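Notes for the one structure printed next.
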2 protein chains.
Amino acid sequence: MSHDAPTFSPLYRQIKALILQALEAGEWRPGQAIPSEQELAARFSVSQGTVRKAIDEMAADNLLVRKQGKGTYVASHNDPRALFRFLRLVPMDGNLSHPQSVPLDCWRAKAGQEASRMLGIEPGAPIIILRRLLRFGAKPVVIDEIYLPGDLFQGLNLEVLQDWSGSLYSLFETRFGMRMIRAQERIRAVAADRSAAEALKLAEGTPLLSVERVTYTYGDKPVEWRRGLYSTADHFYLNELN
Amino acid sequence: MSHDAPTFSPLYRQIKALILQALEAGEWRPGQAIPSEQELAARFSVSQGTVRKAIDEMAADNLLVRKQGKGTYVASHNDPRALFRFLRLVPMDGNLSHPQSVPLDCWRAKAGQEASRMLGIEPGAPIIILRRLLRFGAKPVVIDEIYLPGDLFQGLNLEVLQDWSGSLYSLFETRFGMRMIRAQERIRAVAADRSAAEALKLAEGTPLLSVERVTYTYGDKPVEWRRGLYSTADHFYLNELN
DNA sequence: AAGTGGTCTAGACCACGGT
DNA sequence: CCGTGGTCTAGACCACTTT
């Protein structure tokens, strides 16, 4: 009588782990092509079909992007298609203008109870706190407060943020080598406090979406905790259930 | 010089379409096993691998469920695991008790502007409107107003609802042959009006999540439109971003 | 023409569930 | 023991992109 955990791991998953390892080690950079399936098959001494199945899963995980006739590429947040992967906010009138990120503040602090729990770091460890506004056209729609582990984002400050024209995750990836892989959002309805009401130019007490997000990088390591307050007067949060 | 649409369709997708067709025609009922891969391969005169790829996609679409050593089954909302596929509400304290559905009202009406647009039916066509409360333990947490095409749910009334112990979609599937395949939710924050406040036992004006859902059956046909008001005092809407 | 990913096949063997 | 889905392989050919 044994309580063995299922110890069997198919070959293609082992290959997947190896490719993941290489990815994590930075052997190929975001946006670049990885070796062809044939090359990888030779490198790992397995058939092309086995490599293919490994890559299939990684493509489904949004870690790789297949392009027929060209090759397989490391997914990147610089890709404009990646923008709305994490931002599920859509204008009610259908006009989908690109949002504009406006950094407001950025300062250093020590992790409190909640931040340390969410980020999996010691209480008192250095963190960076960042406040920013998201505009769709002229309208302020989201006010975000973002908490980052200080050690992983050395040198991040307001000036760096203001100089960057792309998305935040694009910046994190390019400047700090931080790849955001997946996230979990907890959504609630709250009343706008004074500060949020001012930032979003709404009456105090207006109902807002409170979206708390924990974002993970390789190995399910949490590297960002943020709380966004969304004005849903002209936008809504869109979720597909499959 | 041609502007041909991509007309190429791989064999496994054609097989997928054929299986889907059989599924839609009710050749195999929800919860039942479909024929083995070998049998289907013989039936369609293709290799097992091609059938496998078709089934793989349908399993990813939550239309089929694979069970190693046993067979492949038609997905069913009677399966308890299917319950939280569409209900993304989670208690804040982690105690996940099963929600209890309490039907309040059920009446017949004619489709107005909005219902006709959402359900893809003629304005004035018969619809059924259904109000129900969702409880977690003793607490009322969600108040739903549900709009259904009248022709597809002949015989649905308050008594039928009260006699049913399972989920709504389970009832729809079992009693009306309606399989809910996918849904789209639009989430906003609103203030509780008098009626919602009463039902949820909250103060008027309390911020609530407004969750509008359109649910589709085979062929992307919309068959349900509902609006839920979620109290997020003790629960939150959980969304995984991959 | 050459190289990439995408499809299709056929056969062997493994893991799992029921008899 | 058998039947099911799951893995792995090897080879052929197709579709797409670039040279």
Side-chain angles (χ1 to χ4, degrees), chain A residues 1-19 22-23 28 31-76 79 81, chain B residues 1-19 22-23 28 31-76 79 81:
Chain A
M1 179 63 49
S2 69
H3 290 259
D4 288 353
T7 179
F8 171 70
S9 176
L11 190 47
Y12 74 86
R13 277 202 195 282
Q14 301 175 34
I15 302 304
K16 182 182 176 183
L18 289 173
I19 298 177
L23 219 52
W28 317 293
Q32 285 183 344
I34 70 173
S36 74
E37 294 179 354
Q38 290 290 3
E39 284 176 283
L40 290 171
R43 166 165 164 180
F44 299 125
S45 303
V46 298
S47 80
Q48 189 197 354
T50 301
V51 170
R52 164 166 286 274
K53 187 142 189 184
I55 292 180
D56 277 346
E57 284 204 357
M58 299 178 73
D61 294 342
N62 288 306
L63 293 170
L64 297 175
V65 178
R66 290 176 169 291
K67 297 185 185 176
Q68 183 174 151
K70 299 187 68 175
T72 302
Y73 294 76
V74 181
S76 168
D79 186 330
R81 292 175 294 118
Chain B
M1 175 65 48
S2 71
H3 289 259
D4 288 353
T7 179
F8 171 70
S9 177
L11 189 49
Y12 74 86
R13 277 202 194 281
Q14 301 175 35
I15 302 303
K16 182 181 176 183
L18 289 173
I19 298 177
L23 219 53
W28 317 294
Q32 286 185 342
I34 69 172
S36 75
E37 295 180 353
Q38 289 291 3
E39 285 176 284
L40 289 171
R43 167 164 163 181
F44 299 124
S45 304
V46 297
S47 81
Q48 189 197 355
T50 300
V51 170
R52 165 166 286 273
K53 188 143 189 183
I55 292 181
D56 277 345
E57 284 203 356
M58 298 178 74
D61 294 343
N62 288 304
L63 293 170
L64 297 175
V65 179
R66 291 177 168 289
K67 297 186 186 177
Q68 184 174 152
K70 298 186 69 176
T72 301
Y73 295 76
V74 181
S76 168
D79 186 331
R81 293 175 294 118

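The structure displayed is predicted, hence computed values, not measured ones. Naming convention: chains lettered A, B, ... in sequence-line order (proteins, then strands); numbering from 1 in each chain.
- With sequence neighbours excluded, the residues forming a side-chain contact (heavy atoms from CB on, under 4.5 Å) with A:K53 are A:Y12, listed by chain and number.
- One can place NZ of B:K16 at 13 Å from P of C:dC8, the figure rounded to the nearest angstrom.
- Rounding to the nearest 0.5 angstrom, the gap separating the CD1 atom in A:I19 from the CD1 atom in A:I55 is 5.0 Å.
- Look at CD on B:E37: it is 15 Å from P on C:dA10, rounded to the nearest Å.
- Side-chain N or O atoms of B:E37 include none that pairs as donor or acceptor with a backbone N or O of B:V51 at under 3.5 Å.
- Between A:R66 and A:R52, the shortest heavy-atom contact is NH2-O, 3.3 Å.
- We find that CG of B:L11 is positioned 15 Å from C1' of D:dA12, with the value rounded to whole Å.
- Looking at the side chain of B:K53, the nearest of the listed nucleotides C:dT7, D:dG6, D:dC8 is C:dT7.
- Listed here is the closest heavy atom pair of B:G31 and B:S76: N-CB, 3.8 Å.
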What's the verdict on side chain to side chain contact (heavy atoms under 4.5 Å, CB included) for A:T72 and A:M58, showing C-alpha distance, side-chain angles and the deciding distance? CA-CA 11 Å; A:T72 302; A:M58 299 178 73; over 6 Å; no
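- For the pair B:Q38 CD and D:dG3 C1', the computed distance is 10 Å after rounding to whole Å.
- Atoms CD (A:Q14) and C1' (C:dC14) sit 14 Å apart, rounded to a whole Å.
- The distance from atom CG of A:L64 to atom C1' of C:dT4 is 15 Å, rounded to the nearest whole Å.
- Each of B:D56, B:T50, B:D61 was checked for a side chain to side chain donor-acceptor pair (under 3.5 Å) with B:K16, and the lone residue meeting it is B:D61.
- At whole-Å resolution of the value, CZ in A:R66 and C1' in C:dT4 are 11 Å apart.
- Between B:Y12 atom OH and C:dC8 atom C1' the separation is 12 Å, expressed in whole Å.
- Each of B:G71 and A:P10 was matched to the nucleotide of DNA chain D holding its nearest heavy atom; the match closer to the 5' end belongs to B:G71.
- Using a 4.0 Å cut-off on heavy atoms, the residues of residues 40-52 of chain B that approach DNA chain D are B:R52, listed by number.
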For nucleotides 17-19 of chain C, give me every protein contact, N/O to N/O, under 3.5 Å, one pair per line with atom names.
{"residue": "C:dG18", "atom": "OP1", "partner": "B:K70", "partner atom": "NZ", "Å": "3.4"}

Would you please test B:R81 and B:V65 for side chain to side chain contact (heavy atoms under 4.5 Å, CB included) and show each step? CA-CA 11 Å; B:R81 293 175 294 118; B:V65 179; 4.3 Å; yes
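- Residues B:S9 and B:Q14 come closest through the heavy atom pair O-NE2, 2.9 Å.
- Distances from the side chain of A:E39 to the nucleotides C:dT7, C:dA15, C:dT4 place C:dT4 closest.
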